[in-house]
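Reviewing the structure listed below.
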Amino acid sequence: MSKVNVSIPKGTRDFSPSVMKKRQFIFQTIRSVFELYGFEPLETPAMENYETLTGKYGEEGDQLLFKILNNGDYLKEVNAEWLSTRESKKLTPALCDRALRYDLTIPFARYVAMNYALLTLPFKRYQIQPVWRADRPQKGRYREFYQCDVDIIGTDSLWSEIDLIKIYDRAFAKLGFDNVQILINNRKLLVAVAELCGCVDRFTDMTVALDKLDKIGWEGVEKEMTERNFSIESILELKRLILLKETDEPGLIKCLLQTEIGRKGVEEWEFLSHSLQLMGLGCASWKWDLTLARGLNYYTGFIFEVKAVGVNMGSIGGGGRYDDLTGIFGLANVSGVGISFGADRIYDVMEELQMFGEDASASTQLGMAYFSESTIIPTQLWAEQLRSQGIRCEVYPEMAKMKKQFKWADDKKIPFMAVMGEEEMKLGKVNLKNLTTGEQTMVTLEEVLLILKP
RNA sequence: GUGACUUUAGCUCAGUUGGUUAGAGCAUCAGAUUGUGGUUCUGAGGGUCGUGGGUUCGAACCCCAUAAGUCACCCCA
């Protein structure tokens, strides 16, 4: 047989049993916190109709969609001119009716629009599923990764925001984090800033540049904005306002209050910060970061981003309020707010900070071995009886040297090993060995249960 | 989409100015130990040096191409 070079697609991963145990811990922890706050599960298909996804994430996002080639004779109806001139961009929608979902928010909005009449508002759902992006992989970035989303739709109460921030706080604490930072901003305040700088029409470009401030500094931001043809006055005013945030926050607020949208944003900010102070947070700290922008354009109110302190990793969570996400699916005036946990990055961070501790012990409580053909059946019968009592046990499947069977149990980190031979069989007992202490005793079935049951 | 680096045994990596049969540690298997794991000792198996070309008497090493991986930019979880 010739050797085949086996591999998996770029940016995807296999998860070994030891990795899966840690991942499941993360998912279960996050899920339990979601349920604590009254959110209910939802799943949507891996693929959506192509038009459902396109145009929602900006041009960049569209390029990162994984498209699914149509089945059958997919070239039959295709425009011959596009084909001959190799116009991939025009051709793609003709060849692909479906694409893999890029996030969980748009599919959720699609679901809400489709099922609005059936929903009890406010509708609170959580969704833990993989998403796919045709990005170039690097640290903390994969082509297939899980998002854990919670969204509240159908209310514009800011108590929803408070709930979500508390969920971040509680979930990260439960995962074992002692220091995460929740950055908070409000799009309304950013719009107010843009108005004051006279660049409302260039809002996205402004926020994209501003978002990089902590990375590239003012020099970099000025350079980028100059390259994008922002006026000197705009840049200087922007810099003045942002610096004012650090040196004279009341002064900044006074400026923001000059615009109508600024007044609304300030009002929201004051409510949120006041409430958060009253409620208090545990492991998380929070702060207003006027430079936080977030790329996705459907956000209209508060926006959030979570960072683990002391680790070089992008954000491990993010979200915000969107006033009209379902509008694109024909359902207007439904306000929602949601956040996401980046489970894969959370895993990477926890691994880097060595938060998992030693490899968790095996899920099997008892390994069983036999070394005589005559004891195979009694051993298997014992195993079945123990399983009926809730003991997780497994029998080494073949006759082998004792040494090999014990090594098997040891490698699998099974804590107890029971051996049955002729002698034990006659007495109706097994030799039970505690592999941690090395202690070994002859015991009956009832005694095994007493030792292994918590 | 742009750029940098990496690729040698299952894993982590050595490999001299280009020179016989490419090494180590860990892991695996066997034995020391005929009914007992972790430690120790002994031994064994395992490599077309990412792939395809080129230069050379001779290439893991030099040159070209290509693939995969990692990291950074863009963007994002």
Side-chain angles (χ1 to χ4, degrees), chain A residues 2-3 5-13 16 26 30 57-65 88-89 102-105 128-149 204 207-209 211-212 215-216 220 224 292-297 304-308 312-319 338-349 367-372 375 396 399-425 430-442:
Chain A
S2 67
K3 194 174 166 184
N5 198 8
V6 287
S7 64
I8 53 174
K10 190 198 285 282
T12 65
R13 297 149 299 158
S16 68
I26 293 174
I30 292 173
Y57 309 106
E59 201 180 324
E60 195 90 30
D62 281 1
Q63 287 171 9
L64 297 181
L65 285 175
S88 308
K89 273 188 187 163
Y102 178 91
D103 69 1
L104 301 178
T105 308
I128 299 176
Q129 288 191 278
V131 302
W132 295 268
R133 295 181 189 179
D135 223 342
R136 197 119 150 212
Q138 58 179 281
K139 188 180 180 188
R141 172 179 296 183
Y142 307 99
R143 289 183 146 187
E144 178 185 63
F145 62 97
Y146 274 74
Q147 288 192 333
C148 313
D149 272 30
T204 302
T207 55
V208 166
D211 203 36
K212 293 178 198 160
K215 212 168 186 175
I216 60 179
E224 179 157 339
L292 176 68
R294 297 193 58 75
L296 296 172
N297 273 324
F304 314 105
E305 203 158 284
V306 185
K307 286 192 165 154
N312 179 26
M313 176 71 74
S315 62
I316 53 178
I339 57 170
S340 179
F341 288 75
D344 302 79
R345 283 188 179 174
I346 290 170
Y347 177 92
D348 289 345
V349 168
M368 300 189 77
Y370 51 88
F371 48 90
S372 148
T375 55
Y396 191 80
M399 280 275 294
K401 286 188 175 168
M402 274 298 95
K403 176 170 174 147
K404 195 170 177 188
Q405 307 204 46
F406 270 85
K407 192 161 163 32
W408 162 79
D410 193 50
D411 286 349
K412 288 186 57 148
K413 296 191 169 67
I414 297 174
F416 286 91
M417 189 73 173
V419 179
M420 193 189 291
E422 298 279 350
E423 225 174 292
E424 291 87 350
M425 188 173 65
V430 290
N431 236 322
L432 184 70
K433 182 165 184 173
N434 180 327
L435 293 190
T436 321
T437 62
E439 232 175 306
Q440 181 169 318
T441 45
M442 289 267 260

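Numbers restart at 1 for each chain; the letters A, B, ... are given by sequence-line order, proteins then strands. Quick caveat: nothing in here was measured; it's all calculated off a predicted structure.
Side-chain atoms of A:Glu424 come within donor-acceptor range of the base of B:G35, with a qualifying N/O pair under 3.5 Å. Taking 3.5 Å as the limit, the base of B:U36 and the side chain of A:Gln440 contain a donor-acceptor pair of atoms between them. The base of B:U36 sits within donor-acceptor range of the side chain of A:Lys433, with an N or O pair under 3.5 Å.
Shown here for A:Met368 and A:Gln405, the closest heavy-atom pair between the two residues is O-OE1, 4.5 Å. The shortest non-hydrogen separation linking A:Tyr102 to A:Leu64 is CE1-CB, 3.8 Å.
For the C1' atom pair drawn from B:U51 and B:G69, the interatomic distance equals 15 Å after rounding to whole Å. Between the P atoms of B:C5 and B:A9, the separation comes to 23 Å (whole Å). Atom name C1', nucleotides B:G53 and B:A67: the rounded distance is 14 Å, in whole Å. The separation of B:G15 from B:G23, taken at their C1' atoms, amounts to 7 Å, rounded to a whole angstrom. Spacing of P atoms, B:C63 relative to B:U16, comes out at 15 Å, to the nearest Å. Nucleotides B:G47 and B:U40, compared at atom C1', are 29 Å apart to the nearest Å. For B:G31 and B:G37, the P atoms lie 13 Å apart once the distance is rounded to whole Å. The C1' atoms of B:U7 and B:U12 are separated by 14 Å, rounded to the nearest whole Å.
Between the P atom of B:G37 and the CE atom of A:Met402 lies a distance of 10 Å, rounded to the nearest Å. Counting to the nearest Å, the C1' atom of B:U36 and the CD1 atom of A:Ile414 are 15 Å from each other. Rounded to an integer number of Å, the gap from NZ of A:Lys412 to C1' of B:G38 is 17 Å. We find that CE of A:Met420 is positioned 18 Å from P of B:U36, with the value rounded to whole Å. Here the C1' atom of nucleotide B:G35 and the CZ atom of A:Phe406 are 9 Å apart, to the nearest Å. A straight line from NZ of A:Lys403 to C1' of B:U33 spans 7 Å, rounded to a whole angstrom. Rounded to whole Å, atom C1' of B:U34 lies 17 Å from atom NZ of A:Lys404.
Taking A:Asp62 as the reference, A:Thr54, A:Leu65 meet the side-chain contact (heavy atoms from CB on, under 4.5 Å) condition, with sequence neighbours excluded. Shown here are the ring pair (Phe, Tyr, Trp, His ring centres under 6.0 Å) partners of A:Phe304, two or more places apart in sequence or in another chain: there are none. Listed by chain and residue number, A:Asp411 satisfy the salt bridge (charged side-chain N to carboxylate O under 4.0 Å, His left out) test with A:Lys407 (two or more places apart in sequence, or in another chain).
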Original post:
With Watson-Crick and G-U wobble geometry limited to distances under 3.5 Å, how should the secondary structure of RNA chain B be encoded in dot-bracket form, using | for bases paired to another strand and [ ] for crossing pairs?
Top reply: (((((((..((((.....[...)))).(((((.......))))).....(((((..]....))))))))))))....
Subject >> Worked check of side chain to side chain donor-acceptor pair (under 3.5 Å) between A:Thr12 and A:Glu144 >> reply: CA-CA 6 Å; A:Thr12 65; A:Glu144 178 185 63; 5.8 Å; no
Subject >> Criterion side chain to side chain donor-acceptor pair (under 3.5 Å) on A:Gln440 and A:Asn431, from CA distance to verdict >> reply: CA-CA 7 Å; A:Gln440 181 169 318; A:Asn431 236 322; 3.2 Å; yes
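The backbone N or O of A:Met313 lies less than 3.5 Å from no partner atom in the side chain of A:Arg345, so there is not a single donor-acceptor pair. With hydrogens and angles disregarded, no donor-acceptor distance shorter than 3.5 Å links the side chain of A:Gln63 to the backbone of A:Glu60. A distance-only check finds no donor-acceptor pair linking the side chain of A:Asp135 to the backbone of A:Arg143 [under 3.5 Å].
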**OP:** If a protein heavy atom is under 4.0 Å from the base, mark B; if only from the sugar-phosphate, S; if neither, -; do that for nucleotides 69-77 of chain B going 5' to 3'.
**Re:** S-SBBBBBB
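No side-chain heavy atom of A:Gln147 sits less than 4.5 Å from a side-chain heavy atom of A:Gln129.
Nucleic acid contact for A:Thr437: none, since no nucleic acid atom lies under 4.0 Å from a heavy atom of the residue. Using a 4.0 Å heavy-atom criterion, one finds that A:Asn431 contacts the bases of the nucleic acid, with or without backbone contacts as well.
A cation-pi arrangement, defined by a distance under 6.0 Å to the six-membered ring centre and an angle within 45 degrees of its axis, is present between A:Arg13 and A:Tyr142.
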Do any N or O atoms of the protein come closer than 3.5 Å to N or O atoms of nucleotides 25-27 of chain B, and which pairs are they?
none

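The pair A:Glu439-A:Lys433 fails the salt-bridge criterion, with no side-chain N (NZ, NE, NH1 or NH2) lying under 4.0 Å from an Asp/Glu carboxylate O.
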